[in-house]
Every structure is written in C-alpha cells, then in structure tokens.
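Any value given below was found using the heavy atoms of this structure, including those in side chains, with hydrogens, waters and symmetry copies removed. Below, read A as the first sequence line, B as the second, and so on, with proteins coming before strands; counting in each chain starts at 1.
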Amino acid sequence: MKPSIPKGTRDFSPTEVANRTYIINTIKTAFETFGFQPIETPSFEKSSTLMGKYGEEGDRLIFKILNSGNFFYEKDSIDLPESYEKLKFNSLDDLESKEKIELNRFTNRISGKALRYDLTVPFARYVVQHQNEITFPFKRYQVQPVWRADRPQKGRFREFYQCDADVVGSKSLWQEVEFIQLYDTVFTQLGLAETTIKINNRKILSGIAEVIGAQDKLIDFTVALDKLDKIGQEKVETEMLSKGITSAAIQKVQPLFSFDGNNQENLDALAKMLTTSEEGTKGVEELRFVINSISELGLQSASLEVDVTLARGLNYYTGAIFEVSAPKGVKMGSIGGGGRYDDLTGIFGMKDVSGVGISFGLDRIYLVLEELGLFKTVALPKPKVMFVNFGENEALYCMKAISQLRVKGIKSELFPDAAKMKKQMNYANKREIEFVVIVGSQEIENDEFTLKNMVSGEQSKCSLLELIQTLL
RNA sequence: GUGGUUGUAGCUCAGUUGGUUAGAGCGUCGGUUUGUGGUACCGAAAGUCGUGGGUUCGAGCCCCAUCUUCCACCCCA
C-alpha cells in the first residue's frame, strides 16, 4: 500500500518550510510595525459559530466534524429523519420548513463542530467573547491554517494559511488608508513589484443598484460589466439586457463603460452618476478620501486602482472592498483581500462595532514568488561541523568536544554510527556541511583534532581551543 | 457542485495495431578504495503498471466504476 495524504493537502520539505517561514516573518513583522497584536483561535469551532456566516456556497465548503460515538450502537443510536427519504427524490428547496428544521436537527446530532473556514468569523466570536478584556480599538493579527472542502486547482487547496490583520471598534477611514500601506509594505519587502490593489465600496454598488432600479440585479450587472475589456461594450450590454436590466437603466450608468483607469476621473464620473443616490454618494466620498490620502502619502511599489466590478464578500462587507491581484503575467487569482464590515459582531450579539481588515494568502504568494524566482537562497538549518565516528572510545572523545562547541553556539553533530569513512564523508558532503573533524587513536593520544575543510579539501591538526576559534 | 485531464521503480519518464520474462536516466545500496567526500568505472536491489470489476486464448494498452493529480467554471486566499 502506498501511503498518501488527503486531497488538497501538502507536505512541506525543509526548503519549503524555510521559504514559508521567510514570507510569514515578513508579514508578521509588518503587522507589528503597524501596531497589530497576535492572537490564535482553535482550529475547529462550534458549527453554530460558523454556519450561515458565509452564504449558501460557504456552508457547503465548511468541513464538518463527526461527533464521537457510534451511531449504530443501541445506546447511541440515532434514527434517520423521515424527511431524509423525501430528500432522495426532491431538492432541498422542495422541502417544507418543518422538514428542513428536522434535517438540521439531525445534522446537529451527528456533527456539532466544524473546521475553521476563515479567520474573520472566529475573530468576531473572540471579540464578543472577550469584550471586557479588550481595549478598543482592537488591532489584532492572526496567521493560522484554514480549511475548505473545495475542489483543488491551481493555487487552491483544502488546507491553506491566511494571514489576517483586522481592526475593530473604529469607523475611521484612516484604517483603510493604513491597510493599503500595509499591503504595499509587505509586497515591496517581498520584492513583489507591481501588484495592483483594487478597491471598491459596497455603498457604491448599492448606489448603482438603486440607479438602475434593481437591487437584485446587482450581481448580474457587475459580472457582466467585469467582462468589458474582454468582450466589448456591445456584448456586455446585450448580456445585461438578457438578464432583465432595462436599456434605460444601462443609459443611466453609461460612464461605467468609459472608465480609463484614472482614479480621479473615475471618481468624478461615479459621483455625477450617483447624485440621486444618498448611499452611493456616501460611498464615493469614502472612496475619494482613501484615494486622495494615498496619493498624498504615496506608495512604494503597488498601485491602487478603483474597480467598480469588485464585488467580493457581498454577504458581509458594508464599506470598502479590497482585492490584491498578482503582478501582470502571473496566472493566479487574488493573493489578498479584505474590506469593511460595519456589524460583524452583531451576529454574536454585540451591536454597532465596526471592523475592517485584510488577508494575505500565504500559499498563493508562495506560488507567485516561486514562479518569478524571487526567493532568496534561504540557508537551511544545518550543522557547521560533523565529527566522524570511528567507534565507542573515539565517539566519547568527540562528544566531549561537541558539548563544548554547542555551549559556544556552534551547530555540531556526531555521525551516529561507526560506519565506513566513505559513507560518513558522503553524508557530510550531501548536507553541505562545511567542516569535518576526524578523531582516531592517534588524535586521542595527542589530545588533538584533525579538522578538514570540505570546500577547499585542506586539513590540519589542532587543539580544542583552536577548533572553537576556527568554527566560531 | 458541473466539465475535462492524469496515474508505470524512491523521483522524472519510455513502453509500437492488445502478444513471451515491463525498460531507461537520476537517486539508493555494494565494490574498485578497511583513516578521507565530490569525479570515474563495475555491479545489485527495487514495480500487484492507482484500485476494483469486465471484454479477450492473452490487457500496462480496450470498456465500466472508484480514488488521486492537474485544469476550467462557480466561488474564493
């Protein structure tokens, strides 16, 4: 039987761990530079904490944990609900609400826990649960794995790391400004030039829906608009008409079709278009504040771009929406995302606490850096010196010296077996260990060591003191 | 969840229209060299051809199912 790991999971080699640690440390250092503090939460939560927070699609992707116990034993046995039979021949939508409740109750009996789906909802739970210990505004960061029962593909895994930074308890738009700076800082330090930070505002999307007179058509509208540079204005309008958006409505939002990437002009066009919508106008003002502040402060390597088709996280974002795309030419989805949610803790009973945050997708950033060859050669942890093992007496003599070296902080090890010289040298060579110490009866007699430099091939005899001095 | 794709030695891959005993390179181990690595030469071990069924005198190759890989859609990091 060949051993293997579950679909969508990965093993990491020493080199990969070193590279991942490098990325994580860069992100964590930036987080702390911006004043965030770390927290951690459990890898699994109660199902009730997670279910219903990510929309219907999200619920499907949550990994549920089976309760302990054997449901077929007499004493633990659970009867299948009657509506289960009906479900075999009907879709969920055909069931009566009473039957759905019965099914949910059954699910709760067999599964009450689920793996963390993201870091934002557990954070909201944390804030509500610890509200009396927290000083607001609370700035926390969190770097932990999350799990999704998704089908794997390029840059998509079932277990992956998110690196989140969020602020709760402040409605200040300076937070949005700082998060853009934070993105810029991290990607600049990673050498990932020319990332694009796309920004939108939920209030603008609501405003557009108001102007076209159809709140429920907003998704269809943005999806169609998103295709503008691929299929052209004419086909986009055709698609909108086919989705039931009137041509009068399309006329009202004509400026959207002539966006040219200049943020100021785009903002002006949006403002003009949304004058009749109070909420839309508010959104434009918010966006303008962020854009103007950033253009005053400047960015190192990223560019900030208004993108009205950005409609991610529509379920919970209420203000700014962020998404970071990889440098042009790299085929990869977003490597980061985030936004403002005015009432996230509301679902856990704590009203009127505004939050805003961003996330870095570690695994995708890894893939992008790898594709662009941006990993610096990370030094793998390895000993500086290896002692050849000739037998019990020699090994003991070596271990005494090794203890001294380790006290001095010199990474050193003894080859564990008295194997053939060739094998031992080969091992040192493969691991690219810089020095080898050879001790036989002769060296023991003279109380000395033979030190060999594996790069130059030179070797000489020396005392313990000289050994330490050379290796330090 | 929908559609496509992949699986042969530890790794990367050959394997003809279905036909004896499934090959190579790299790696591993041993030897040339019992206190000296990288190079060279010689040799060896290693595979239930993803798994389970089926067709056939005969299947790595054809059919079905299933798992896995990768990719697109949806959605997302």
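Put simply, the side chain of A:K113 reaches to within 4.5 Å of the side chain of A:N67, judged on heavy atoms. Between A:Q162 and A:F360, the closest side-chain pair of non-hydrogen atoms is not below 4.5 Å. A 4.5 Å side-chain heavy-atom check between A:I39 and A:F138 finds at least one atom pair inside the cut-off.
Counting heavy atoms of neighbouring residues, nucleotides and ligands inside a 6.0 Å radius, atom CD of A:Q153 exceeds 12 of them.
On the P atoms, B:C63 is 45 Å away from B:G30, given to the nearest whole Å. Taking atom C1' in both B:G50 and B:U8, the straight-line distance is 10 Å, to the nearest Å. Taking atom C1' in both B:G23 and B:A14, the straight-line distance is 7 Å, to the nearest Å. Across the P atoms, B:G4 and B:C64 are found 12 Å apart, a figure rounded to whole Å. With P as the reference atom, B:U51 and B:C61 are 11 Å apart, rounded to whole Å. Here, B:G38 and B:G27 have their P atoms 12 Å apart, quoted to the whole Å. Comparing B:G60 with B:G7, their P atoms are spaced 16 Å from each other, to the whole Å. Across B:C71 and B:U12, the matching P atoms stand 16 Å from one another, rounded to whole Å.
One can place CD1 of A:I321 at 15 Å from C1' of B:C75, the figure rounded to the nearest angstrom. Regarding A:W147, its CH2 atom lies at a distance of 16 Å from the P atom of B:A77, rounded to whole Å. We find that CZ of A:R116 is positioned 14 Å from C1' of B:A77, with the value rounded to whole Å. Between the CG atom of A:D59 and the C1' atom of B:G1 there is a distance of 14 Å, given to the nearest Å. Between A:K423 atom NZ and B:G30 atom C1' there is a gap of 11 Å when expressed in whole angstrom units. One atom, CG of A:D118, and another, P of B:A77, lie 8 Å apart when rounded to the nearest Å. Between the CZ atom of A:R148 and the P atom of B:C74 there is a distance of 17 Å, rounded to whole Å. Distance, A:L61 CG to B:C74 P: 15 Å, rounded to whole Å.
Mapping A:Q162 and A:R60 onto RNA chain B by nearest heavy atom places A:R60 closer to the 5' end of the strand.
In this model, no donor atom of one side chain and acceptor atom of the other lie less than 3.5 Å apart for A:E194 and A:S301.
Note that A:R10 lies in the cation-pi zone of A:F157, set by a 6.0 Å cut-off to the ring centre and a 45° limit from the axis. Both cation-pi conditions hold for A:R20 and A:F12: the charged atom is under 6.0 angstrom from the six-membered ring centre and inside a 45 degree cone around its axis. Stacking of A:R148 on the aromatic ring of A:F63 is not recorded, the 6.0 Å distance cut-off and the 45° axial limit not both being met.
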In 5'-to-3' order, the base (B), backbone-only (S) or no-contact (-) status of each nucleotide in nucleotides 35-47 of chain B, using a 4.0 angstrom heavy-atom cut-off, is BBBB---------
For nucleotides 66-71 of chain B, just jot down a letter per nucleotide in 5' to 3' order: B, S or -, based on protein non-hydrogen atoms under 4.0 Å. --SS-S
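Legend: side chain to side chain donor-acceptor pair (under 3.5 Å) pairs involving residues 434-444 of chain A, not counting sequence neighbours, sorted by first then second residue: A:E443-A:T450. The ring pair (Phe, Tyr, Trp, His ring centres under 6.0 Å) pairs that include a residue from residues 452-472 of chain A number zero, where partners must be two or more places apart or lie in different chains.
In this structure, A:K203 pairs ionically with A:E286, as a charged nitrogen and a carboxylate oxygen lie closer than 4.0 Å.
At a cut-off of 3.5 angstrom, counting only N and O atoms as typed in the model, there is a donor on one side and an acceptor on the other between the side-chain of A:R156 and the base of B:C75.
We find that the ring of A:F160 and the base of B:A77 stack, their centres lying under 5.5 angstrom apart and their planes tilted less than 30°.
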Exercise answer: donor-acceptor pairs, residues 390-397 of chain A side-chain atoms, under 3.5 Å, sequence neighbours excluded:
from: A:Y397; atom 1: OH; to: A:D447; atom 2: OD1; distance (Å): 3.4
from: A:Y397; atom 1: OH; to: A:E448; atom 2: N; distance (Å): 3.1
from: A:Y397; atom 1: OH; to: A:E448; atom 2: O; distance (Å): 3.1

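For the pair A:R158 (side chain) and A:T9 (backbone), a donor-acceptor distance under 3.5 Å is absent.
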When Watson-Crick pairs (N1 to N3 and N6-O4 or O6-N4) and G-U wobble pairs (N1-O2 and O6-N3) count only below 3.5 Å on both distances, what is the dot-bracket string of RNA chain B, with | for other-strand pairs? ((((..(..((((.....[...)))).(((((.......))))).....(((((..]....))))))..))))....
